[in-house]
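Structure record follows, encoded as structure tokens.
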Amino acid sequence: MNWPTSIFLISTLALALVATPAYAFFYGIDWYQWAIFFGLFLATGLSITLGYHRLFSHRSFEAKWPVRLFVLLFGAASFEGSAIAWVSDHRHHHKHVDHDEDPYNIRKGFFHAHIGWLLVKLGPAHPLDNVRDLLSDPLCRWQDKYAVPLAFLVGFGLPTALGALHGGWIGALGGFLVGGVTRVVVVQQMTFFINSLCHMVGDQPYSFRCTARDSWIMALFTFGEGYHNFHHEFQYDYRNGVKPWQWDPTKWTIWLLNRVGLVSNLKRVPSEKILLAEVVSAQQRIRSHLARVQAAESMCRIAAAWHECMDKIAASLTTYREELNHAIEEKKRFSRDALLMIRRELRLALAQLKIGSSIMAS
Ligand SMILES: [Zn+2]
Ligand SMILES: [Zn+2]
């Protein structure tokens, strides 16, 4: 067990579920504390999806230092570790998706992919040789060195100080519980859902290569990361919801930052390549549907043949039944050979019934 991580995750969850409602009951949560909550929710959530994920993990665009510094500070405040460690795990996830080396392998179950892997993860499970680009960035190295104090300072210290500015000690407690603890729990669960439910819920319009799925419902809760099937197929695209109407606040933020000149070189997969993936995926879906229909048709043929065979057996047994009835009424006795023959026929009929039933059941 990784006790520090486990204790942190469980105690923040307990505080969010018990202490925050108790605070709301006794003191109320005013607009100012909601503003701290949503401000930090946006800053830390986007720092993970836009910063840790699309910028650092996939290099889907380039960012000037103020953007990099912002996402490193507020990414730390989401208490998900340093960018270097996060990106290393995530690149392993893409490289070995659905296999043992995938840190949050969904084939080990929902709980493991969601949070279980963090509770038992003791240090980096692999060398940091897949993040050489980040190790050569002084800002990333600095954030990696001070990730824990930065997390406490920006994640808990900032909302507590902002709360104190507005409402003294009571305001500070509210800032800590609402903008600090509860916001951390919400952002963390949002990220965890990308690793768990985004590999379980939704469609696979671009590829069947792995378990990743597209779901607009998941996109609503994950700043657009719910279009995970597209992302796994075209990981270097700065968009996850690639269609213009798909809910992806992260891609809109990147686009806006590009407009004001803070980010550049936005990578897009050519439309033809995306359409080709959709065509191939649709073909695979049609083929597997046809295979299912064919299997059902051949099953119907087997059932019809079995029905005919059973009919014949039932008819021959009727003849024996009538002969035996007649013999009993007339007090006639069958020869030993005739009785043996009927017994043999009966055993054969029952054996055929058993075999046929098990074939139909399977
Ligand atoms: Zn990714
Ligand atoms: Zn994934």
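In listed order, ligands and their atoms are each counted from 1. Computation of the quantities below employed the complete heavy-atom set of this structure, encompassing side-chain atoms and omitting hydrogens, waters and symmetry-equivalent molecules.
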(request) Tell me whether C198 has at least one N, O or S atom under 2.8 Å from the Zn ion (ligand 2). (result) no

All N/O donor-acceptor pairs, side-chain side in residues 8-20, below 3.5 Å, sequence neighbours left out:
residue : atom : partner : partner atom : Å
S11     : OG   : I7      : O            : 2.7
S11     : OG   : F8      : O            : 3.3
T12     : OG1  : F8      : O            : 2.7
T12     : OG1  : L9      : O            : 3.1
T20     : OG1  : T182    : OG1          : 2.8

(message) Keeping to distances under 2.8 Å, can you name the protein N/O/S atoms close to the Zn ion (ligand 1)?
(response) H53 NE2, H58 NE2, H90 NE2, H94 NE2, H231 NE2

(message) Check the orientation of F110 and F193. Use parallel for under 30°, tilted for 30 to 60°, and perpendicular for over 60°.
(response) tilted

(request) Could you check which N/O/S atom of H228 is closest to the Zn ion (ligand 2)? (result) NE2

(request) Could you check which N/O/S atom of H199 is closest to the Zn ion (ligand 2)? (result) NE2

(request) Report yes if the distance between the aromatic ring centroids of H114 and F192 is under 6.0 Å, otherwise no. (result) yes

(request) Answer yes if the ring centres of F223 and F41 are under 6.0 angstrom apart, and no otherwise. (result) yes

(request) Give me the ring orientation class for H53 and H90: parallel if the planes are under 30° apart, tilted from 30 to 60°, perpendicular past 60°. (result) perpendicular

(request) Go through the structure and list residues passing side chain to side chain donor-acceptor pair (under 3.5 Å) with K243, not counting sequence neighbours. (result) E278

(request) Could you pull out all residues at least two apart from D248 that satisfy side chain to side chain donor-acceptor pair (under 3.5 Å)? (result) R54

